[in-house]
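Every chain is numbered from 1, with letters handed out A, B, ... down the list of sequences. Just so you know, these numbers use all the heavy atoms, side chains as well, and skip hydrogens, waters and symmetry mates.
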Amino acid sequence: MPRYNPSELEPRWQAYWEENATFRTPDEPGEKKRYILDMFPYPSGDGLHVGHPEGYTATDIVARFARARGESVLHPMGFDAFGLPAEEHAIKTGEHPRVQTQRNIDNFTRQLKMLGFSYDWDRVVSTTDEDYFRWTQWIFLVLYDTWFDEDAQAGRPIAELPIPAEVEAEGSDAVCKYQDKHRLAYQDDALVNWCPALGTVLANEEVQDGRSDRGDHPVKRIPLRQWMLRITSYAERLLDGLDDLDWPAGIKKLQRDWIGRSTGAEVDFYVGEDASRQQWLDSRQDGGFPAATDSSFLRVYTTRPDTLYGATYMVVSPEHEMLGELTTSEQADAVQAYCEKASFKSDRERTDGDRAKTGVFTGSHAINPVNGQPVPIWVADYVLAGYGTGAIMAVPAHDDRDFEFAKQFDLSVVPVVNPPDDHPQRDEILSGNACFASEGNAINSGEFDGQETQAVKTAVTAMLNEAGLAAVAVNYKLRDWLFSRQRFWGEPFPILHEIDEQGELTGMKRAVPDSELPVRLPELEDFKPHGRPEPPLAKADDDWLYVTLDGKRYRRETNTMPQWAGSCWYYLRYIDPQNQQAMIDPTREQTWMPVDLYVGGAEHAVLHLLYSRFWHKVLYDRGHLSCPEPFAKLVNQGMILGEVEFTGYQSSTGEPVSSSQVKRDAEGERVGPDGVPVTMIKLAEEEVSKQGDGFVLKDDPNVRIDSRAFKMSKSRGNVVNPDEVVREYGADSLRLYEMFMGPLEATKPWAMTGVGGVRNFLDRVWRMIVEPKADELVLAAAMSDEPCDADQKRMLHATIKKVTEDTEALSFNTAIARMMEFTNFFTRADQRPREAMQQFLVLLNPYAPHIAEELWQVLGGNGSISHQPWPQWDADALVEASIEVPVQINGKVKAKIQVASEISKEDLEQAALQDPKVESLIADRTIVKRIVVPGRLVNLVVK
RNA sequence: GCCGGAGUGGCGGAAUUGGCAGACGCGCCGGAUUCAAAAUCCGGUGGCCGCAAGGCUGUGUGGGUUCGAGUCCCACCUCCGGUACCA
């Protein structure tokens, strides 16, 4: 029996494609190019997950479709192969991360090939290849060699940085240090998670509630010299660039919010001696608002300068540099104790949830510049050191956080914005017992009373600016990018630190010359932590660690780059993966960039995409790239959940508990109505039945059952393995099912019966062309060389149209539905024109390429079906002689009439009125309105 | 709390953007084929009322706009995802 046997035919066609290099990227792209990109995977030891092939199938369909339409396609794949799991494995087993990584890459490659994706396998890159990370290091050096010119809003070579005369005068070391302060890649002290018990520095994701994930040991935050990338300089450009991108609106918003631009004012509050205040004010009047700060005043950033009259106290962050000077001797102990406590808290703890506000009075006061009133200065950890100036003016009447703090410590509340007359809490607000954070008319604000918030903002800022006490300011939530990791399995930094004769660091550093790249990872005896808060590379032999260059001795940088580094620019290397002379050939870059379609998970919505855009813009500024944005169109595929599960609950005594009575207690534990924890039990579909909105236990309909699909996870045991699906149903069925489940962007649950459904469809396609009853592989008896009749032609051309349009719109599920209709139609026909079958296979090919190739050959086609041009539909063939039009009476369909498709409005109305059913329904009533939409419907409004 | 997204048959989902709700698939029911089964093929399948013809009702809830609303507007509910004091 010549049955459809994917396990035989799929590997055969995969071998054919490989041998014939069917999907090689053309060297000289034709008129239209299309760069179709997947977010490359981290090759984990678990292998491919069914979530991966969702996006990969979508892009593969688009790639095959575009090729058939004569476009030149670049469709590559690679591996984001640096990362923590391989390193942890190495620490445990002593096996070099490279070994395990290669094994995983091999397995991923096998699985990807098994699914028949049309990648150009000659262009595979892995971020761990020396040939690749050589250029990652090179790009780092571009960042290191660049400063950001605010006026030009562009990155420029560090050599072009204007050096102030006073720096110049101090000599070349001072100039170097000045330059270092302006580079896009610079060093700064930042806090790391140091775990003394494990003797290692941990990544944020390895720390849970201040304790290590592994072993549950305490983790301390200690400052360590770190590499930072000055992404904040590009904040404005990164914001602006979003406008022209064809990205989901949600992702753009996420990026905008992450960058978090706000405008307001910086305002200086005098903190010096009362006696010198007038002198200070005079100097400001003459000199204007200074760029640099000194200890005579406290500078704050606010987005609500209109509420300055309501600023009743100030707060500085525990890390604020002026805190020491502001603290009076009486308060010194309390302040010191408070700051110490704060320093032990992680960022997370400090900003976690709605915990009560804490803080300590410093003992000093500042003078509110608008009214000359003294206001107390507090220190509190609800003010973040890294945002704005690290200090705030607190307006408890109009800021929820300040209000909460003021209530806690009994500070005064002065309302300065009048809430609307109908505001439910108006009286409380005006008496200082509630907070009103919206806009309105000013009150208690001197000359500004009665004006609207926006006007007051501008006026107050202008007034203070006139006096040299404030200036308009812009702030971003975006922080500079902490770029170094204390890890082994990452790219080494191509940086050398100068050491003197005693082996001490001099503080001077230099880039490794281009010709010396790549800086390879050292060979280590083992990968176990060495117990110091220093990166593992510090364990390397002196051969690696120390370098002599131009007569000077250097110690290599021992931090490594984060995993993001390699993924920031891989899309460029695919274009020219073998280039030994450059990161990318400029002509090729111009030919293929930007990426026309980028598909991947929404979890990378912010970081990966923002980091990539940042690097891209720097490389663009420095003349290495021709387009300002890397990814023209972005699509996020939705998550695939496990099979739907029915979950019931049981009390401790084994009694079933209705899910409507199960609540979560304070710890998040599920408890029954008595507050005692319940146990979850998995139920089979047969044990439940539908009732109302939900499901209930069949045996006891009073017990409600939860029904939902969960994220796939090993611990839950609901992970679907693509290897098994391919073994059972074939790769074409897996591909087709992933696309048929629903819209690409939607989150959707897996259902193995659905895979059976699409497999059924492919079996039907097979039998539509191959004779199922014959012993040999022969064409179906119904196959005919006659042309299509009118109905067949209409079905064929309507299918071509629908599949073409839906594929273009990435609406794969409906395209597949249409191909199913086509197949149902033609399997019923006893004459199946060969030509229709052939055209159909070309449509099916992007979706299920193996069976399409096989049947194409069975039908006598030459070579690969992938070389066949995409069919065109004939609009004339779609026209039907007569169509059915519904007739509504008062908006409800009461009859259907058969009319000529080209019928005029008047004739359609006549036809509707003459329909016997309609006649009888309107017989004794009057028609008050007639709506006639030719080709669509007739609606008669009667009384 | 805030920000996104989504609520349509037993289930996954369609619906040319305001014009016949439920395409297609799964599941289920009936029939054909078979000694029997699998496979296959044909038909049915939102709910309620009715022997039937047919009628009523129906896209999370309540209101509104319209000749006409799953689709637009207002208010609310539920679920999923993200986020967390950014002044």
Exercise. If only atom types and distance count, is the side chain of A:R832 paired as donor or acceptor with the main-chain N or O of A:F826 below 3.5 Å?
Worked result: yes
Problem set entry | From B:rC24, B:rC20, B:rC3, nucleotide with atom closest to A:D257 side chain | B:rC3
Problem set entry | Pairwise side-chain contact, A:H320 with A:L298, heavy-atom cut-off 4.5 Å (strictly under) | yes
Exercise. Which range-with-range stems can be found for RNA chain B when each stem has 3 or more Watson-Crick or G-U pairs in a row and both distances sit under 3.5 Å?
Worked result: B:1-7 with B:77-83, B:10-12 with B:24-26, B:27-32 with B:40-45, B:46-49 with B:54-57, B:60-64 with B:72-76
Exercise. OP1, OP2 of B:rC11 versus side-chain N and O of A:K748: anything below 4.0 Å?
Worked result: no
Exercise. In whole Å, what is the span from the CZ atom of A:R708 to the C1' atom of B:rC80?
Worked result: 8 Å
For this session: Check whether any side-chain heavy atom of A:V720 lies under 4.5 Å from a side-chain heavy atom of A:M712, and answer yes or no.
Result: yes
Exercise. Over how many whole Å does the gap from A:D706 atom CG to B:rC79 atom C1' extend?
Worked result: 11 Å
For this session: Find the distance A:H604:NE2 to B:rG82:C1' and express it as a whole number of Å.
Result: 15 Å
Exercise. OP1 or OP2 of B:rG81 less than 4.0 angstrom from a side-chain nitrogen or oxygen of A:N636, does that happen here?
Worked result: no
Problem set entry | Distance in angstrom units between A:F646 CZ and B:rC11 P, rounded | 8 Å
Problem set entry | In B:rU17, glycosidic geometry as syn within 90° of 0 or anti otherwise | syn
Exercise. Looking at A:N760, does any N or O in its side chain come under 4.0 Å of the phosphate oxygens OP1/OP2 on B:rG25?
Worked result: no
For this session: Inspect the contact between A:D257 and A:K253 and indicate whether a charged nitrogen and a carboxylate oxygen are less than 4.0 angstrom apart.
Result: yes
Problem set entry | C1'-based separation of B:rG19 from B:rG70 [nearest Å] | 13 Å
For this session: Produce a footprint string for nucleotides 62-72 of chain B: one letter per nucleotide, 5' end first; B if the base is under 4.0 Å from any protein heavy atom, S if only the sugar-phosphate is, - if neither.
Result: -----B-----
For this session: Please measure how far the C1' atom in B:rU65 lies from the corresponding atom in B:rG18, and state the result in whole Å.
Result: 12 Å
Exercise. If the P atom of B:rG1 is compared with that of B:rG12, how far apart are they to the nearest Å?
Worked result: 28 Å
Exercise. If the P atom of B:rG13 is compared with that of B:rC26, how far apart are they to the nearest Å?
Worked result: 16 Å
Exercise. Contact class for A:R930 vs. all strands (heavy atom < 4.0 Å): base, sugar-phosphate, or nothing?
Worked result: nothing
Problem set entry | Residue pair A:C339 / A:V379: nearest heavy atoms and the distance that separates them | SG-CG2, 4.5 Å
Exercise. Any chance CH2 of A:W873 has more than 12 other-residue heavy atoms, nucleotides or ligands included, within less than 6.0 Å?
Worked result: yes
For this session: Could you tell me whether A:E909 and A:K905 make a salt bridge, using a distance below 4.0 angstrom between a side-chain N and a carboxylate O?
Result: no
Problem set entry | Assigned glycosidic conformation for B:rG9 [threshold 90° from 0] | syn
Exercise. Counting just side-chain N and O atoms, does A:R767 come under 4.0 Å of either OP1 or OP2 of B:rC41?
Worked result: yes
Exercise. To the side chain of A:R828, which of B:rC42, B:rG13, B:rC3 is closest?
Worked result: B:rC42
Problem set entry | Short side-chain N/O contact to B:rA87 OP1/OP2 from A:S262, under 4.0 Å | yes
Exercise. A:K253 has an atom NZ; how far is it from atom C1' of B:rU83, in whole Å?
Worked result: 11 Å
For this session: Give the C-alpha distance, both sets of side-chain angles, the deciding distance and a yes or no for salt bridge (charged side-chain N to carboxylate O under 4.0 Å, His left out) between A:D915 and A:K917.
Result: CA-CA 6 Å; A:D915 181 81; A:K917 179 112 192 267; over 6 Å; no
For this session: Measure the shortest side-chain to side-chain distance between A:L844 and A:I851 over non-hydrogen atoms and say whether it is less than 4.5 angstrom.
Result: yes
Exercise. With a non-hydrogen cut-off below 4.0 angstrom, is A:E745 in contact with a base, only sugar-phosphate, or nothing?
Worked result: nothing
Exercise. So what does A:R818 hit on the nucleic acid, given a heavy-atom distance under 4.0 Å: a base, only sugar-phosphate, or nothing?
Worked result: nothing
Exercise. Over how many whole Å does the gap from A:L384 atom CG to B:rU83 atom P extend?
Worked result: 17 Å
Problem set entry | Under 3.5 Å donor-acceptor pair, A:R764 side-chain atoms to B:rU40 base atoms | no
Problem set entry | Salt-bridge contact A:E645-A:R708 (side-chain N to carboxylate O under 4.0 Å) | no
Exercise. Over how many whole Å does the gap from A:L641 atom CG to B:rC79 atom P extend?
Worked result: 16 Å
Problem set entry | Side-chain heavy-atom pair A:E884, A:I897 within 4.5 angstrom cut-off | no
Exercise. What integer distance in Å separates A:I251:CD1 from B:rG5:P?
Worked result: 11 Å
